[in-house]
Each structure stands twice: as structure tokens, then as C-alpha cells.
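Below: one structure, written as C-alpha cells.
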Amino acid sequence: MTTREFDDVTLERVREHVWEIAREGGMEVPARVLASEALLEEIGEDDSLQQLKNAAHLPGMTKYALAMPDAHQGYGFPVGGVGAIDAEDGCISPGAVGFDINCGVRMLRTPLTYDDVRGREEELVDALFDAVPSGLGGGGVVEGSRDAVEGALERGVEWAVEQGYATDADLKHCEDEGRRPDAKPEYVSKKAKDRGMNQMGSLGSGNHFLEVQRVTDTFDDDVADAYGLREGEIVVLIHCGSRGLGHQICSNYVRKIEQEHGDLLDRLPDKDLAAAPAGSQLAEEYYGAMCAAVNFAWVNRQLITHRTRETLADVFDAVDGDDVELLYDVAHNIAKRESHDVDGEDRELFVHRKGATRAFPAGREEVPAAYRDVGQPVIIPGSMGAGSYVLKGGDRSLEETFGSTAHGAGRLMSRTQAKQEFWGGDVQDDLAEQEHIYVKANSGATIAEEAPGVYKDVDEVVRVSDELGIGDKVARTFPVCNIKG
DNA sequence: ATGTTC
């Protein structure tokens, strides 16, 4: 038996890429880390393993508290964490969803090839940077209004279709078809709505970006064909979330829940895990507000899609906008009521995925019709120097991870440390000169914080997902140009 | 992640 120890946390190797932390003290269940030995060494360097043990204390946690191969420490609950919590007897925890509610990624297919774009990267990156609002603060693709915010919160991408910013095909190629019917905008504070109002269609800052990429490899021809991906073709990846609106909702409910449910909080090892008991008023309110923020984030990515279509049509004669198609949009900071088989019993669970992506296999009803025979697309962005992957939901994901896999490469170091190690201008120059990747950002500090060296190896993260059978490799992309906050 | 410290 192989054992690894990091500070107070002991892990036993269950089998290849599966490590278990035994149940002890107030833990409801054991915890599991899905990682290669090399990734486990990196995960063990920050507080994420202790946070995972803490997460296993949440009442109603089912089977295991789980860490994906890209895990790193977060607020209370690790990023790259999955917690499936009983929706009748358990709880819901804003810290296990994350501050940026429905942070996620979507991939657009274009009719362009790398040959069309080569030599015009700087023109393209300038045009996109001018067209897509980015950075902290206000300003979006559309001028926000009270009605626009309410429409987005209530109806998600359906609102965008009504307004002419989305097509019916966009709806069909989005997780939850772009709308959470459980949204309750009345539980979103005025302050949150005010923050969101002038941010409708904006990237934000931090690790958020819009990246033009070329498909470099396909690993599964049948599935790549079903997803419409071919080597040499240009795709666009959009990574952003619910901006100040989601952040405000999370802050509001963490505070309310701490005040109202101190008894539950006293049983938890970290107050940042504050959770509302299932069936309580605050659980209903947070879930309704969170679902509304989910809708808002989908609209946000949709408005950026709209502006991207216009920009590509402006820059390239061969593009008219309608031919830029949404492949899929996935959320990776989210909680959702889902039914799962647990030891032969059908259970209703709040599946919290914080920095984790739903990865449902073929056949599951939530997978859109276009992909139901092959499994849902899973989009795993790497760093701006590394490229990204498209996976398909794996056949073992329901059994191993409540239908989940990783969400990205995962950070290796804090933003503060990153700025000590890297200088944004140098990172930018090196990428252009050595890799022909053109990056444009509002701030050099952001480039330093997001330098390729700040991230784990996305190839290794994806290898583990693929070998575990929770998310299987379909295609790989490489960056062409990237705009950031 | 975030009107980058309620």
C-alpha cells in the first residue's frame, strides 16, 4: 500500500490516479483526490488537501468529497472540488460554488483556418480588444437597464434570443439550454443587480479571457466529427462569469447564512464553508439567486459571442457571423439539483462543482440531443501559452465523480507570487516571438498573474481525466491570440 | 473571482 503525507493529511493510494483520505473526526465521508503522483505533489503544496478534508464535514456530503486533478486552494472549499450533498437532508454552501457564479467557458467554431489568420494576428487581436469590453469595473456590450438585468436573470439565453443577440441553435448548445428555470431574481439584491447592470457583456479580469485558437490534434475522429472539430480550423474560446453580480450574491448569502445558521457553522472546521440546511428559507433563497446568476453569466458569454461574430465578420471577408457556431458552453462554478444513483438508490443531490466541469456521458438526458449519442463536450482551457482541450463526458464519470471532471490547468502559485516571478511585458514578448501567440491586456500585472509558468501542466491534468475515464480526449487546440482584462 | 480591503 502506498501512502503519501502532507502536513496533517494522509492519503492512501486506492488505484492508479485515485487517492483516499480516510474519514476521521467530524468528517461525514472520506475524501478522494484524483491525480497522478506528480499532480498530487503539486496539490499537496497549498492548503487544498486540508480544505478537502474540511469539505467532507458538510452535512449530507455523499460518498466522498472529491478533488479533481487540477485542484488548488480556494475560499473555504478547494477549486477543483466536487461535493454532492443530499438535497433533502444536507445543505448548500455558497463557498462550495465559488464567488464567480457560473464562471465557465464556451467554444465557437468558425469557418476560418489557421492559414486565413496567419500574418493577421495583431490586426485581429486589436479588433477583438477594441470590441469586447474587458478589465475591472463597468461597461458592457449592451447598455444595461433594469429590464435587461431582470430578463437575463429570469430567462438567460432565451432573453438574448428575444433581443437578437442569440439564435435558437445557441440555446441548444449550452449547458441547461442556457436557462435555469429555478432562477428567482427576487432573491437577488438590488446592489447585485446594480453591479450587473453595466457589466452585461464584459470579460472582467483575472484569469478571464477571449482566445482565438487553432485545432492542432484530434484524438477521436468520430466524436471530433460530431463536435465539428477538424485540425487546422480556427475556434474561439470565451472564459468569463457573472462579474460583480455573482460576486455580490455570494457575499450577501455567505453573510446571511453565517448569521442565521451559526449552529451548523459551529460543526464545520472553517467558517468559509458556511452552509444553509436543505429546506431552510436561506437555502431556497440562495439556490434561486444562484440560478439567476447562472443565467446572467450565460447571457454575458452570449453577448460577447455576439460581438465576436460581428468582429470576425468585419475583419475577414470569408466570415458573415451566422457561420460562427456555438459548439458548447459549460459552467465550472455552480451547484445544481441532480439525480444520481448512490449504491443502487436514486438520490436528489446538490452537486457543487467549484472549478469542476460537468462531464455527463452518452445517454444522460441532460446532454443536448446533438451530442447525446457521444457524450457532452467538456472544455478544459489551459494557460495562454499552452492551449486547451475538448473532452467528452466519460463513461465512468457518473460512478467516480457524480459526472464531473477538471476545469483547467489549475494554478501552481498565488497571484502575488506570480507577480514576483514574472514581468507582464516580458511574458507578452516571449509568447509573440517564440510561440507566435499575440496577447493584449489592460494591465501588464494581469499578464504576469496569468503567465504560462503560473499553471500546472494541462496535458497532465487531461491525461489523468482520460485515463480515469471521467472525461476523454477529443481534440487539442493551441493559442493564436488572446485578449484579457 | 471582485467597484483588486465591509
Side-chain angles (χ1 to χ4, degrees), chain A residues 46-48 51 70-81 93-105 133-140 144 149 188-210 238-259 271-272 274 289-290 293-294 296-298 300-301 304 330-335 352-357 381 383-384 407-411 413-420 424 441-450 454-455 484-485:
Chain A
D46 64 22
D47 286 336
S48 44
Q51 290 186 331
D70 56 340
H72 62 94
Q73 84 186 59
Y75 171 88
F77 193 95
V79 177
S93 171
V97 170
F99 270 82
D100 190 6
I101 297 166
N102 192 5
C103 185
V105 237
S134 66
L136 287 170
V149 174
V188 177
S189 66
K190 179 174 185 302
K191 191 173 179 182
K193 290 173 183 173
D194 286 344
R195 286 182 70 174
M197 190 151 70
N198 61 351
Q199 298 181 326
M200 293 183 68
S202 61
L203 279 177
S205 185
N207 62 358
H208 291 162
F209 62 80
L210 181 154
I238 297 167
H239 178 205
C240 60
S242 51
R243 302 294 327 276
L245 179 134
H247 192 274
Q248 189 65 48
I249 290 171
C250 185
S251 304
N252 289 347
Y253 281 98
V254 166
R255 195 185 67 248
K256 285 187 188 184
I257 290 168
E258 277 174 359
Q259 288 168 355
K271 74 170 182 51
D272 293 347
M290 187 263 298
V294 166
F296 182 89
W298 274 320
N300 192 27
R301 292 196 283 278
I304 292 168
V330 296
H332 58 223
N333 271 12
I334 212 153
H352 298 68
R353 297 190 182 91
K354 180 184 185 181
T357 313
S383 76
M384 60 175 134
H407 83 306
R411 294 192 79 83
M413 64 181 84
S414 70
R415 296 182 176 282
T416 311
Q417 192 187 340
K419 279 181 284 197
Q420 288 163 0
N442 284 289
S443 138
T446 305
I447 299 179
E449 289 170 4
E450 297 297 320
V454 165
Y455 282 90
K484 324 186 43 62

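Not measured: the values here are computed from a predicted model. Chain identifiers are assigned alphabetically (A, B, ...) following the order of the sequence lines, protein sequences preceding nucleic acid strands; residue numbering begins at 1 within each chain.
- Across all strands shown, A:Lys354 has no heavy atoms under 4.0 Å from either base or sugar-phosphate atoms.
- Checked by atom type, the side-chain pair A:Asn102/A:Ser242 shows no donor-acceptor distance below 3.5 Å.
- At whole-Å resolution of the value, CZ in A:Arg255 and P in B:dT2 are 20 Å apart.
- As a whole-Å value, the separation of A:His208 NE2 from B:dT2 P is 5 Å.
- For A:Glu450 and A:Leu136, each mapped to the nucleotide of DNA chain B holding its nearest heavy atom, the one lying further toward the 5' end belongs to A:Glu450.
- Here B:dT2 presents its P atom at 18 Å from CG of A:Asp194, a figure rounded to the nearest Å.
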**OP:** Under the salt bridge (charged side-chain N to carboxylate O under 4.0 Å, His left out) rule, what do A:Arg411 and A:Glu450 come out as? Steps first, then yes or no, please.
**Re:** CA-CA 9 Å; A:Arg411 294 192 79 83; A:Glu450 297 297 320; 3.1 Å; yes
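- In this entry the distance linking CZ of A:Phe99 with P of B:dT4 reads 13 Å, nearest Å.
- Rounded to an integer number of Å, the gap from CG of A:Asn198 to C1' of B:dT2 is 14 Å.
- The two atoms that bring A:Tyr455 and A:Ser383 nearest to each other are CD1-CB, 3.9 Å, heavy atoms only.
- Using modelled atom types and a 3.5 Å distance limit, the side chains of A:Ser205 and A:Asn442 yield no donor-acceptor pair.
- Among the protein residues, A:Ser205 comes within range of the sugar-phosphate backbone only, with heavy atoms under 4.0 Å from sugar or phosphate atoms but none that close to a base.
- Straight-line distance from the OH atom of A:Tyr253 to the P atom of B:dT2: 21 Å, rounded to whole Å.
- Donor-acceptor pairing under 3.5 Å is recorded for the side chains of A:His407 and A:Asp70.
- Within the 4.0 angstrom heavy-atom criterion, only backbone atoms of the sugar-phosphate kind lie near A:Arg415; the bases stay farther away.
- Taking atom CZ on A:Arg243 and atom C1' on B:dT4, their separation rounds to 12 Å, with Å as the unit.
- Residue-level contact check: A:Gly244 touches the backbone only, with heavy atoms under 4.0 Å from sugar-phosphate atoms and none from bases.
- Among the heavy atoms of the strands lying under 4.0 Å from A:Gln199 are primed sugar atoms or P, OP1, OP2 only; no base atom is included.
- The separation between A:Tyr75 atom OH and B:dT4 atom C1' is 16 Å, rounded to whole Å.
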